[in-house]
Amino acid sequence: MTEFAQIAFPLPLRKTFIYRIPENLREKIKPGQRALVPFGREKKLGFVVSTSSSAEVKKTKELLDLIDEEPIITPEILELTRWVSEYYYASWGECLRAALPPELQVHTLLWVHKKEPPLLNYEDNKIKLSSREKKVINALEGERPQKITFLEKKIGSKGIYSALHSLEKKGKVELYYELSKPKGNIKYEKMVSLKGDSLEEKKLIETYIETLKKRSPKEASLLELLIKGNRELPLRELNQRIKGASQILNRLEKRGLVRSFYREKLREPLWGMNIECAQEFSLNQEQKDALEKLEKTLIERKYHPFLLYGVTGSGKTQIYIEIIKKVLEKNKDALVLVPEISLTPQIIYRFKSVFGEKVGSYHSSLSAGERFDAWRGMKEGKLKVVVGTRSAIFSPLKDLGVIVVDEEQDFSYKQKEPDPKYNARDLAIVRGKMNKALVILGSATPSLESFYNVEKGKYTLLQLTQRVDLKPLPRVKIVDLKEERKKKNYSVFSFELLSQLKRKIEKGEQAILFLNRRGFSNFIKCQECGYIFRCPHCDITLNFHRTDFSLRCHYCNYKVQASSICPECSGSRLAYKGVGTQRIEEEIKKNFPAVPIRRMDQDTTYRKDSHWEILKSFASKDFSLLLGTQMVTKGLDFPDVTLVGVILADTSLDFPDFRAREKTFQLLTQVAGRAGRGKLGGEVIFQTYYPEDWAIKLSAEQKFLDFYEKELKEREELFYPPFSRLILIRFQGER
Ligand code: ADP
Ligand code: ZN
């Protein structure tokens, strides 16, 4: 007999709580549902994580209600989030909340209603109120019930609950709870289908169409479309193909030939787009070998992670596609994690062209409706292949056969704020183990940790050593900026980069310029007294943004209007030091006034589809220069890009992080890989003040293994990961 339920709250708490289940809910309750329970003086929503017939606690409160008819959290995700909460010291309830899309989240809302004193009640005047209580009553003018949030805004949140509860006891207010409504809603679309299922009926309609062809060709072609489309099509599609389809439909419906009805529709960002079918390739030998090993493990249903290491353009994505085909044949699901949203359009497009309607995407730049539908599509088994960013690791897919983590070294797999903090790549391994699923970590520049795991025999290495079609890797040239300055060149472009740019532009080819710093200049210094503008919260230098003449903190988003006078000494000789992407854009416009250029960084891509729009426009050669931050370094595949210029290769070297070198190596290798993807070959130029640094040298030579060995040795000497584990313990409080 299930009598007790263990509840985890989406609050920063390490423990769970036991509640007694009322008689009427005992049959209905299942782990993974959300329940409303009394909690302290409030009522709160929590997740039922388990039920049991006995409990070791003496006093338990009773659970009030269940919010979900069926579990909203699958058993697998319950288990995964429990693991996350233990490994990352997070609250289980907060992990569960993170596993749900925001559209499905509900919370309790407290409403407060001021009670009017009964007439002729002389006692009422004698009731004493504290000053806090009086404030609450005054704030509640009028008779309308108010939300607690309204009161908190008006008089502050301190002690408001105790004031309210004592007012309730004194009969002055009434308190009640309401559930917020989840924002997700289901969308329907009108469908049209042919009537008649039997063979005779079908024959009848076919002959009827023949006679209609002369009399009413439009009616005939509509019926023909339906026959071709598996006897059922959305009205929207018919309308696109036949003018006035709705009226024709009405006539046909009256004659009993077709019927219309509404069907649930999954919203999807690429929906309605004309997706071309994928080309068929025959895999090369290395690809075949890799696929064979993967397939063997898939058939054996063993948990076993693979590291697929192959230079950019070596055909890794094609291997993901091929193994997913096999996974789908076994009627299992596939999850593909990609680092950033900027990457997803291209890769989603590619998966869609192969797997069509079975593919869903899941990331933060979806609209609320799209995300809600994607989540539902996975849970209901309509979507079998999900491509998403880190939070997609919590996708409620039913039976995972494979988890792919593309560019596994990428730091965007780490969730930092809000809690729970986790690394989706590591969770992929855990989830794979739980499911006995295949896990493939793919990369052109694997993380030291993953490569070390290969060495220790934890992962199996699959290697693709050549680019598809044997295209050579681009030539990389290192330009020493110190030498450049000696030659009296103080521009942001070296002579070499400038002349290469000219040449490419003249030939009508395309180039990518990369600088890992947005804004115009990254600090402003007073030439008189040396004052530097800093963020009052973070103490780091403020970046100057020319577009709106502001100073911004890239860490906390603090923003002020830029001034032309030093606040310290009132001097007016301010120098703009360090360059950002905006400044480069301006320099390009000075040097090449006629050349179309576009900038891609956080400041130009805050709109939902702007990434996609810039990339599409670059692909169709609307402009020849693409300039940007790390957004331009990954996953882009443009055959006409023959030059990549790195304005300053050193920006990430100076970070106070033991991974600074590794990050620099990865970034530079990736950005170099953007050149020469087509027939024309390609060149890369790294501008640097440290031409001897081995992160820069070895990335220029694309020598991952040498880099790996050097870096690993240093890590071992300094006892850094992967030889140890680092935990950051941060204490925070009010001053
Ligand atoms: P990666 O993921 O390693 O960067 P991709 O799988 O994207 O590599 O492959 C690079 C390009 O080569 C893509 O345009 C892809 O369609 C194509 N490609 C992949 N495999 C083959 C193959 N066996 N034969 C021909 N072209 C291929
Ligand atoms: Zn700041």
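Whatever order the structure lists ligands and atoms in, that order sets their numbers, starting from 1.
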Give the ring-plane orientation class for Phe665 versus Phe707, where under 30° counts as parallel, over 60° as perpendicular and anything between as tilted.
parallel

Give the numbers and elements of all ligand 1 atoms closer than 4.0 Å to a heavy atom of Asn284.
23 (N)

Does Gly310 have a heavy atom less than 4.0 Å from any atom of ligand 1?
no

Those atoms of ligand 1 less than 4.0 Å from some heavy atom in Gly315
1 (P), 3 (O), 5 (P), 6 (O), 8 (O), 9 (O)

Ring centre gap for Phe394 and Tyr422 strictly below 6.0 Å
yes

Smallest separation among heavy atoms of Ala374 and Leu383, with atom names
O-CD1, 3.6 Å

Could you tell me whether ligand 1 has any atom less than 4.0 Å away from a heavy atom of Arg350?
yes

Say whether Ser282 and ligand 1 are in contact under the criterion: heavy-atom distance to a ligand atom below 4.0 Å.
yes

Closest to atom 23 (N) of ligand 1 (judged by heavy-atom distance), picking from Gln287, Glu286, Gln285
Gln287

When Leu461, Leu438, Val454 are each screened for side-chain contact (heavy atoms from CB on, under 4.5 Å) with Phe306, the one that passes is Leu438

How about Thr581 and Arg517: do any of their side-chain heavy atoms sit closer than 4.5 Å?
no

